[in-house]
Amino acid sequence: MAISENDLVAVAKTVRTLSMDAVQEANSGHPGMPMGCADIAAVLWTRIMKYNPQNPNWINRDRFVLSAGHGSMLLYSMLHLSGYDLSLDDIKNFRQFGSKTPGHPEYGHTQGVETTTGPLGQGFANGVGMAFASKFLAGEFNQKADIIDHYIYAIVGDGCMMEGITSEAASLAGHLELGNLIYIYDSNRITIEGDTDIAFSEDVKRRFEAYNWHVLEIDGHNFDEIEEAVFQGQNEKVKPTLIIAKTKIAKGSAGYEGSEDSHGAPLGEDDIKKSKELMGCDGNEKFHVDSRVYEIFAEVLETNLKDYSLWQERFDSSVQGDLKLKWDSFFSAPSEETLREFLPTFKSGEKNATRGSSGKVIEALYKFLPNFIGGSADLGPSNKTQVSSVETTGKGRVGRSIHYGVREHAMGAIQNGMVVYGGCLTFSATFLVFMDYMRPAIRMAALSGLPSVYVFTHDSLFVGEDGPTHQPVEHLAGARAIPNLNVIRPCDGEETREAWISALTRKEGPTMLVLSRQGLPELGRNDSSSAQNLHRGAYVVVNYQEPHGVIFASGSEVSLAIEASKRLNDEFGKKLRVVSFPSWELFEVQPESYRKEILGKESKKIVVEAGLSMGWDRYAGNDALFVTMEGFGCSAPQADLEREFGFNVDFLVTKSLEYLG
Ligand SMILES: Cc1ncc(C[n+]2csc(CCOP(=O)(O)OP(=O)(O)O)c2C)c(N)n1
Ligand SMILES: [Mg+2]
């Protein structure tokens, strides 16, 4: 049975009353947005979207992204009504400790939440990543039938529209012609401080048309217009669609409709009672869902289940044999052993920049893993991420080697969208110094537990002549401060391969690979100093029975430490162990006995790292010698910087002797 206009009214009313009640009960939250978008949501979830709450991870479901994440009660209402694992009690516990209904939607926490949103604009860009991944998989698997042919829907607000990340992501989506995107802009012309006139006067329609989007304008409270616009969006196969929906924030509230006061605070018992009565509901009833509304969603489910089984049949009859094997490989992670079989090895005596070794690893990954995709924000040749063996992206074309353009922030968030979508292993790349341009997206990956891989090259002062604008100083400390982000700074090619293995086999969160621009010697290794020790975070590369002290170093400073240690022993009889310390995070999860053994009993500890010393005292104590950076670098050739900033063997030997006494 078709969903009638009265049904839509009933659903929208329920979203409004549940949202008012939940925010009131929590005494915090955002009722305005869900009330304003209730009509849009009612149409999307009953007449438009294909989804299956009984198999929430169905790969060909339509995705719904609530980019305006503060309106979480909109999403929770829809998830509850449509039969996801979210009860009315969960809604009553909105924003409470341990509930399934946190303030902003959290991926992995609440079934049916496709991506974590709240920081405005992230969701917009996540959706672009989903659309990219969807097109990529469609290209690989729609051989005999359309296996992947769904849409990505999002509701984005004025705030999303103002954020820079949205401009980056929209520009790329228009260029790639991601016609599977259908975004609805909740244009209520209200943000926290008031009317958007105070800060936002551009013509969004013309702006998005210029980005090569298909733009429509509708009344966001008119069901027919909403539905018709979405159909037009579906029929537009080339351009992404933006539906500018004129709405009223807090639509249906007796006293707050159209007012910024409804944005982020409960409406109050009085207004809620009056509003409910105006809507024809019992003013005293709380968290009420009319039985007809559940019936409507039972009908929706029936339709959706039919679509789902048709899809299943399509899948079973067309994805067979080699194509099925390929499908399975796309959806299973490669093991450490498999990766080690085909990844390159590096020989002692060679000299390689770790970005170069990483480049060789990337070439092999592209060759052996058909779902390995990624790219750089226009630094491919420098990041050594660009390969000629696979198709690149271009105007109207997705590909495995992605030209993100100079758009770091969107790159990070688009990558997150690909990861939550599934089916692909993906990396992004830029200079380490520009990680700050994508930091919010990295934080979201860490928070959401997404195994995104970041290739950050040109990792220190030793970038040289480009000067302090391009020389990272505080970036390692800043990265280590992000919970659940693994930071790995390998010292040579062998460690670089292992770092990639660590990143690609990690399931719990993102990993960043911090790589050198300059050449570094491959360490001479034996069994006990095998690069596979990288997975322990820190390990001994130079050992002595009764050492005078220990040097902790990472990345490009490991070979320097080894050379200094050798001279200190040969010329001065001072024995310093050297620990290659590529990753704090990997080290932290080792057994205590291992950590104690590596940190050692020596009271004399030296840290050598071309970055801030901040945080190293946790391993080396306050009395350690820190051969680190304490301020910005400067523009000069590498050798001069090594001398001036104290990162050469002579300096390290002299300083160590002074320190050891
Ligand atoms: C990056 C970011 N900056 C600031 C905020 C705080 N914030 C939350 S909602 C909001 C205003 C958003 O306005 P709009 O998108 O129009 O939502 P509406 O008030 O219409 O619901 C702001 C500034 C945020 N969540 N994310
Ligand atoms: Mg607004």
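Each ligand, and each atom within it, is numbered from 1 in the order the structure gives. This one's a predicted model, so the numbers in the text were calculated from it and none came from an experiment. In this chain, residues are counted from 1 in sequence order.
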### Query
How far is atom 22 (C) of ligand 1 from its nearest protein heavy atom, and which residue and atom name does that atom have?
I192 CD1, 3.4 Å
### Query
Mind checking whether the Mg ion (ligand 2) has an N, O or S of I249 under 2.8 Å?
no
### Query
Considering all heavy atoms of both residues, which atom of K50 and which atom of N304 are nearest to each other, and what is their separation?
CA-OD1, 3.3 Å
### Query
Do H80 and D90 have side-chain heavy atoms sitting under 4.5 Å apart?
no
### Message
A side-chain contact here means heavy atoms from C-beta on lying under 4.5 Å apart; do S72 and F94 qualify?
### Response
yes
### A68 heavy atom under 4.0 Å from ligand 1
no
### Query
Is G118 close to ligand 1, meaning an N/O of one under 3.5 Å from an N/O of the other?
yes
### Task
Show your reasoning for whether side-chain contact (heavy atoms from CB on, under 4.5 Å) applies to K248 and R189.
CA-CA 8 Å; K248 281 226 181 300; R189 300 209 55 82; over 6 Å; no
### Message
To check your reading of the model: name the closest protein heavy atom to atom 20 (O) of ligand 1, its residue, and the distance in Å.
### Response
N188 ND2, 2.7 Å
### Query
Considering residues, nucleotides and ligands other than M614, do more than 12 of their heavy atoms fall under 6.0 Å from its CE?
no
#### Entry: Top protein contact for atom 9 (S) of ligand 1, by heavy-atom distance
H263 CE1, 3.2 Å
### Task
Examine distances only and state if a side-chain atom of E257 and a backbone atom of G252 form a donor-acceptor pair shorter than 3.5 Å.
yes
### Task
Tell me, please: is G71 in heavy-atom contact with ligand 1, that is, under 4.0 Å?
no
### Query
Looking only at heavy atoms, which two atoms of G127 and Y183 are closest? And how far apart?
CA-OH, 3.1 Å
### Message
Would you call the rings of F456 and Y454 parallel, tilted or perpendicular, taking 30° and 60° as the class edges?
### Response
parallel
### Message
Please compare S262, G164, G159 and report which has the shortest non-hydrogen distance to atom 15 (O) of ligand 1.
### Response
G159
### Query
Protein heavy-atom contact under 4.0 Å for atom 6 (C) of ligand 1?
no
### Query
Hey, does T191 come in under 3.5 Å of ligand 1, counting only N/O atoms on both sides?
no
#### Entry: Protein contact of atom 4 (C) of ligand 1 - nearest heavy atom, named by residue and atom, plus distance
L120 CD1, 4.5 Å
### Query
Counting heavy atoms only, which part of T196 comes closer than 4.0 Å to ligand 1: side chain, backbone, both or neither?
neither
### Message
Counting only heavy atoms closer than 4.0 Å, does ligand 1 sit against the backbone of I190, its side chain, both, or neither?
### Response
backbone
### Message
If I take every N, O or S atom of S187, is at least one of them less than 2.8 Å from the Mg ion (ligand 2)?
### Response
no
### Summary
Closest non-hydrogen atoms of R207 and S167, given as atom of the first, atom of the second and distance, are NH2-OG, 2.9 Å
### Task
Give the minimum heavy-atom separation between K239 and E236, together with the two atoms involved.
N-OE2, 2.8 Å
### Task
Report yes or no: do T247 and D186 form a side-chain donor-acceptor pair below 3.5 Å?
yes
## Note on the structure
re atom 3 (N) of ligand 1, the protein heavy-atom contact at minimum distance is E163 OE2, 3.7 Å
### Task
Please indicate whether any nitrogen or oxygen in P119 is less than 3.5 Å from any nitrogen or oxygen in ligand 1.
no
### Task
Any atoms of ligand 1 less than 4.0 Å from a non-hydrogen atom of M33? List them with their elements.
21 (O)
### Query
Is there an N/O/S atom in D158 that lies less than 2.8 Å from the Mg ion (ligand 2)?
yes
#### Entry: Minimum-distance pair of heavy atoms, taken over all atoms of C160 and G121
SG-N, 3.7 Å
### Summary
With heavy atoms and a 4.0 Å threshold, my read on which part of E260 contacts ligand 1 is neither
### Message
If I apply the N/O under 3.5 Å rule, does H70 come out as touching ligand 1?
### Response
yes
### Message
Show the atoms of ligand 1 that are less than 4.0 angstrom away from any heavy atom in G157.
### Response
15 (O)
### Message
Are the side chains of R439 and I482 in contact, using a 4.5 Å heavy-atom criterion?
### Response
yes
